[in-house]
Amino acid sequence: MPHRPYAIDEMISAKAIAARVEALAKEITQAFAGTEKLVVVGLLRGSFVFIADLVREIDLPLEVDFLEASSYGDAMQSSREVRILKDLRGEISGRDVLVVEDIVDTGFTLHHVVNLLRSRAPKRLEVCALLDKPSRREVPIRATWTGFEIPDEFVVGYGIDFAQRDRNLPHIGKVRFTERAAG
Ligand code: PRP
């Protein structure tokens with residue numbers, strides 16, 4: 001029995017991700033220099049690996065909070081309805097906030113979350129997304145910082161799942177559906 005009914009081709013190596021995370025963290029550190037305490041908000045579940053690496057490279061006083069939004073469930077297509085499954089623990093009014101997202105695809109998730117958080121009147125709100133698929137965008141939104149722009153491929157790893165699998169891959173891989181899986 002194969003481990004999974006599809007193949008995964010490496011798209012972005014763990015080493016390339018680490019180098020990009022370090023560069024993003026430097027830019028974020030500079031952009032928020034002088035902050036009293038940055039609130040870094042990870043969007044669950046996909047951002048849990050990225051946020052863990054990113055915060056360890058940011059040289060600022062910060063706290064970490066999480067918000068869980070879901071529009072896909074286990075489906076491959078966005079439902080276009082973003083549900084908040086878990087809200088932040090803390091207040092963000094008057095605070096510097098950095099939202100950390102794994103991937104921006106149609107943009108529905110980020111658009112919904114940014115609108116929700118802006119309604120709470122943060123002092124400043126920026127977004128850092130590891131991956132961006134601009135060709136898939138249905139809602140006009142962009143992250144302040146993007147790790148990598150990628151083509152319209154189904155990707156997994158480094159926190160990103162395929163039906164909840166493969167979040168534990170250390171690199172970003174492209175899913176290739178094999179004949180056996182298709183048949
Ligand atoms: C995925 C991903 C992003 C969102 C991007 O979340 O983590 O949050 O979809 O897609 P969009 O730009 O088309 O909205 P998902 O709903 O699969 O939940 P997960 O993070 O728990 O995997």
Side-chain angles (χ1 to χ4, degrees), residues 3-6 8 10-12 14 16-18 20-21 24-25 28 39-55 64-89 92 97-120 122 125-177 181:
H3 174 47
R4 50 175 84 77
Y6 49 88
I8 297 174
E10 184 171 291
M11 183 188 250
I12 308 171
I17 297 171
R20 191 68 188 117
V21 168
L24 289 168
I28 291 164
V39 186
V40 184
V41 173
L43 298 195
L44 294 172
R45 289 173 267 183
S47 74
F48 79 103
V49 177
F50 181 36
I51 192 173
D53 284 347
L54 190 67
V55 293
V64 174
D65 205 340
F66 292 97
L67 186 140
E68 184 167 7
S70 184
S71 57
Y72 285 80
D74 284 351
M76 286 176 72
Q77 280 219 325
S78 172
S79 65
R80 293 173 174 73
E81 265 176 51
V82 183
R83 290 183 302 146
I84 300 298
L85 304 179
K86 182 209 165 296
D87 206 340
L88 297 178
R89 290 273 292 270
I92 57 163
V97 176
L98 176 70
V99 174
V100 176
E101 176 62 304
D102 55 342
I103 183 163
V104 187
D105 192 306
T106 63
F108 280 104
T109 304
L110 191 57
H111 185 253
H112 184 91
V113 167
V114 164
N115 282 347
L116 175 72
L117 297 185
R118 280 204 201 288
S119 74
R120 297 177 186 177
L125 186 146
E126 309 288 352
V127 177
C128 182
L130 180 69
L131 303 178
D132 188 4
K133 278 190 199 172
S135 64
R136 294 258 309 160
R137 198 71 89 256
E138 294 183 32
V139 182
I141 188 152
R142 283 205 62 176
T144 320
W145 296 279
T146 296
F148 303 90
E149 278 196 8
I150 58 167
D152 183 13
E153 301 281 1
F154 202 95
V155 291
V156 290
Y158 200 70
I160 301 171
D161 72 305
F162 179 22
Q164 304 310 326
R165 296 168 65 144
D166 293 314
R167 292 191 197 269
N168 55 325
L169 288 181
H171 56 269
I172 300 285
K174 185 164 88 173
V175 171
R176 179 161 42 85
F177 296 97

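Atom set for the values below is all heavy atoms of this structure, side chains included, hydrogens, waters and symmetry mates excluded. All ligand and atom numbering here is 1-based and tracks the order in the structure.
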**Message:** Could you tell me, atom by atom, which parts of ligand 1 come under 4.0 Å of a heavy atom of Leu44?
**Reply:** 20 (O), 21 (O)

**Message:** Show me which atoms of ligand 1 lie under 4.0 Å from any heavy atom of Thr106.
**Reply:** 11 (P), 12 (O), 13 (O), 14 (O)

**Region of Asp102 that comes within reach of ligand 1 [heavy atoms, distance under 4.0 Å]** = side chain

**Message:** Test your reading of the structure: does Gly107 have an N or O sitting under 3.5 Å from an N or O of ligand 1?
**Reply:** yes

Show the atom names and distances, to 0.1 Å, of all donor-acceptor pairs under 3.5 Å that link a side chain in residues 142-156 to residues at least two apart or in another chain.
from   : atom 1 : to     : atom 2 : distance (Å)
Thr144 : OG1    : Glu126 : OE1    : 2.9
Thr144 : OG1    : Val127 : N      : 2.9
Thr144 : OG1    : Val127 : O      : 3.4
Trp145 : NE1    : Glu27  : OE1    : 3.2

**Request:** Would you mind checking if Arg137 and Asp105 are paired as a salt bridge, meaning a charged N to carboxylate O distance below 4.0 Å?
**Result:** no

**Asked** Atom CG in Asp65, atom CG in Leu98: separation rounded to 0.5 Å?
**Response** 12.5 Å

**Prompt:** For Asp166 and Tyr6, does a side-chain donor sit closer than 3.5 Å to a side-chain acceptor?
**Reply:** yes

**Prompt:** Nearest non-hydrogen atom to atom 22 (O) of ligand 1 belongs to which of Arg167, Gln164, His111?
**Reply:** Arg167

**Item:** Proximal ligand 1 atoms for Asp161, defined as those under 4.0 Å from one of its heavy atoms
**Value:** 22 (O)

**Asked** Can you find a side-chain donor-acceptor pair between Tyr158 and Asp102 that sits under 3.5 Å?
**Response** no

**Ala69, Ala129, Gly159, Ser47: member with heavy atom nearest to atom 18 (O) of ligand 1** = Ala69

**Message:** So if I count the atoms of ligand 1 from 1 in the order they appear, which ones are less than 4.0 Å from some heavy atom of Ser70?
**Reply:** 16 (O)

**Request:** Kindly confirm or rule out an N or O of Ile103 lying under 3.5 angstrom from an N or O of ligand 1.
**Result:** no

**Item:** Heavy-atom donor-acceptor pair, Lys86 side chain to Phe66 backbone, under 3.5 Å
**Value:** yes

**Asked** Step by step, would you call Leu67 with Leu44 a side-chain contact (heavy atoms from CB on, under 4.5 Å)?
**Response** CA-CA 6 Å; Leu67 186 140; Leu44 294 172; over 6 Å; no

**Asked** Does ligand 1 have a heavy atom under 4.0 Å from the side chain of Arg136, from its backbone, from both, or from neither?
**Response** neither

**Prompt:** Residues in side-chain hydrogen bond (donor to acceptor under 3.5 Å, both in side chains) with Arg20, at least two apart?
**Reply:** none

**Request:** Quick one: look at Lys133 and ligand 1, take heavy-atom pairs under 4.0 Å, and tell me if it's side chain, backbone, both or neither.
**Result:** neither

